[in-house]
Novice: 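Take this structure, written in structure tokens, and hold onto it; I'll ask about it next.
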Amino acid sequence: MIMHDWNSEKKDVILLIHPMLSSANGMKTYVADNIGNGYRYLAPDLSAHGDAVKDTYKSAVDEAKQIHAYLVKNQILKLKLGFGASLGGVILLQLLKYDDIQFEHVFFEGTSFYTNAKLLEWILRSVFLKKHKKAVADPALSVKKMSSMFGTEAAPLLAKHFIAMNEESIRNIVHDCAFVELPPLSDTLQKNCLFAYGDKDFDYKKARRMLRKTYPHAGMKVWGGYGHCERMTNDQEGYCHDIEGYIRA
């Protein structure tokens, strides 16, 4: 994990944890730059991504541990917002286990609620490893396919990270998203959490059922017409306007 720190002179801190195949730079482009310079932004490049692309991703627990260590070392114990998308949301859940870090608001985008999905893990692992081999063999095709989901601006970087990622990292990421640890959260912290999904997101239906049981005091937001993490790149201004509204509510 490599942390990026922008606008360090600002008081209110926003932590942005990117999804699989994105990066800290992606969070800056699609979130921070649209919200504006009124906040200090911390954005990690998770292992196997961005500036940490040469590092093997081991686990959400390990990534959260590194983020926590950075926050403590730099005495950043109170944050305005914790944001985690997909894999980033799984890691953010792990970070919430540390009671010395306080978040005023917590926003999850497309976060998996699968906790013991052996069959799903096998399917996703097979699919991702097959797609990885195809992407390495034909980078242009990989960019084309990702463009159809995440837009032409985001696709080249996503494809680049996918091609550079080693198979061990892919296996470990898939495992974490199929075996998510849902830590117990206080009623107060739950009330500060919002879980957002596109209504076409493969994680949405499972999350809708599980959220009522696991975090009944948390909120849910559904983006009509979008798939997994698609609104973040395809409707940047509207998406970030909604996040700002959530922060200020």
Side-chain angles (χ1 to χ4, degrees), residues 17-22 46-49 55-65 84-97 108-138 141-142 145-146 148-150 155 158-159 161-185 190 193 195-216 218 220-233:
I17 310 179
H18 65 78
M20 179 184 180
L21 305 186
S22 188
L46 302 175
S47 298
H49 297 81
D55 298 330
T56 297
Y57 176 94
K58 297 178 181 177
S59 70
V61 171
D62 184 67
E63 296 296 318
K65 182 178 180 180
S86 192
L87 174 64
V90 175
I91 292 166
L92 183 57
L93 281 170
Q94 291 296 316
L95 193 59
L96 293 183
K97 293 164 62 176
F108 296 89
E109 173 68 40
T111 300
S112 171
F113 267 76
Y114 289 94
T115 58
N116 189 28
K118 294 181 180 180
L119 179 59
L120 178 65
E121 179 186 21
W122 180 82
I123 293 172
L124 290 179
R125 183 175 61 236
S126 300
V127 169
F128 272 101
L129 290 177
K130 185 176 180 179
K131 287 185 175 181
H132 181 254
K133 291 181 179 179
K134 288 184 176 180
V136 172
D138 191 347
L141 180 60
S142 180
K145 289 185 176 181
M146 289 188 181
S148 65
M149 294 184 290
F150 303 108
L158 298 177
H161 288 156
F162 192 34
I163 292 167
M165 189 176 291
N166 63 47
E167 290 193 2
E168 183 179 354
S169 292
I170 294 172
R171 292 174 184 273
N172 291 339
I173 290 170
V174 168
H175 177 80
D176 275 354
C177 291
F179 289 82
V180 178
E181 180 185 352
L182 300 173
L185 303 178
Q190 288 182 42
C193 293
F195 291 82
Y197 298 86
D199 62 355
K200 297 180 180 179
D201 189 336
F202 52 81
D203 283 313
Y204 168 52
K205 291 183 179 179
K206 177 71 171 181
R208 185 177 59 186
R209 295 194 301 269
M210 290 290 292
L211 191 61
R212 296 168 184 164
K213 301 176 182 179
T214 311
Y215 304 131
M220 173 172 273
K221 183 74 174 180
V222 182
W223 314 124
Y226 289 97
H228 186 68
C229 292
E230 289 182 358
R231 190 178 180 220
M232 182 167 50
T233 56

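Remember, predicted model here, so these are calculated numbers, not experimental data. Basis for what follows: all heavy atoms, side chains included, without hydrogens, waters or symmetry-related copies.
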Novice: Quick check against the 3.5 Å criterion: does Y197 have a side-chain atom that pairs as donor or acceptor with the backbone of T111?
Specialist: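 At least one qualifying donor-acceptor pair exists.
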
Novice: Test of understanding: with side chain to side chain contact (heavy atoms under 4.5 Å, CB included), list the residues that count as partners of S86, not counting sequence neighbours.
Specialist: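 Checked S86 against side chain to side chain contact (heavy atoms under 4.5 Å, CB included); matches are P19, H228, C229.
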
Novice: With side chain to side chain contact (heavy atoms under 4.5 Å, CB included) as the test, would you mind laying out the steps for M20 and M165 before giving the verdict?
Specialist: CA-CA 10 Å; M20 179 184 180; M165 189 176 291; 4.0 Å; yes

Novice: Could you check if a side-chain atom of T115 sits within less than 4.5 angstrom of a side-chain atom of F179, using non-hydrogen atoms only?
Specialist: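 No - every pair of side-chain heavy atoms lies 4.5 Å or more apart.
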
Novice: Give a yes or no on this: more than 12 heavy atoms of other residues, nucleotides or ligands lie within 6.0 Å of atom NZ of K206.
Specialist: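 Yes, because the 6.0 Å sphere around NZ of K206 holds more than 12 heavy atoms from other groups.
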
Novice: Parallel, tilted or perpendicular for F128 and F162, by the 30°/60° rule?
Specialist: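 Ring orientation, 0 to 90° scale: perpendicular.
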
Novice: Pick out which of L87, L95, L93 makes a side-chain contact (heavy atoms from CB on, under 4.5 Å) with I91.
Specialist: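 Running side-chain contact (heavy atoms from CB on, under 4.5 Å) over L87, L95, L93 with I91 returns exactly one hit, L87.
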
Novice: At their closest point, which heavy atom of A196 faces which heavy atom of W223, and how far apart are they?
Specialist: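 Nearest pair, atom of A196 first, then W223: CB-NE1, 3.6 Å.
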
Novice: Are any non-hydrogen side-chain atoms of E167 and K133 less than 4.5 angstrom apart?
Specialist: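 Contact flag for E167/K133 side chains = yes.
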
Novice: Looking only at heavy atoms, what is the nearest atom pair of A60 and Y57, with distance?
Specialist: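 Heavy atoms only, the tightest pair is N-OH, 3.0 Å.
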
Novice: So, D199 side chain and G225 main chain: donor-acceptor pair closer than 3.5 Å or not?
Specialist: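 Such a contact is found between D199 side chain and G225 backbone.
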
Novice: Can you give me the closest heavy-atom contact between V90 and D176, atom names plus distance?
Specialist: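 V90 and D176 have their closest heavy atoms at CG1-O, 4.0 Å.
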
Novice: Exactly one of V180, D203, L182 should register a side-chain contact (heavy atoms from CB on, under 4.5 Å) with M210. Which one does?
Specialist: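 Testing M210 for a side-chain contact (heavy atoms from CB on, under 4.5 Å) against V180, D203, L182 leaves exactly one candidate, L182.
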
Novice: For K97, is the NZ atom crowded, meaning more than 12 foreign heavy atoms sit under 6.0 Å from it?
Specialist: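 Atom NZ in K97 is crowded, with more than 12 foreign heavy atoms closer than 6.0 Å.
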
Novice: Testing the 3.5 Å rule here: is there a donor-acceptor pair between the side chains of D62 and S59?
Specialist: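 No, S59 and D62 have no side-chain donor paired with an acceptor closer than 3.5 Å.
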
Novice: Nearest heavy-atom pair of A218 and F195: which atoms, and what distance?
Specialist: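 Where A218 meets F195 most closely, the heavy atoms are CB-CE1, 3.9 Å.
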
Novice: Looking at every non-hydrogen atom in both residues, tell me the closest pair between T214 and Q190 and how far apart they are.
Specialist: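 Reported closest heavy-atom pair: O-NE2, 4.2 Å.
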
Novice: Treating H49 as the side-chain partner and S47 as the backbone partner, does any N or O pair qualify as donor plus acceptor under 3.5 Å?
Specialist: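 Indeed, once roles are kept as given, a pair shorter than 3.5 Å links the two residues.
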
Novice: So which heavy atom on K213 is nearest to which on P216, and how close?
Specialist: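 Looks like O-CD, 4.1 Å.
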
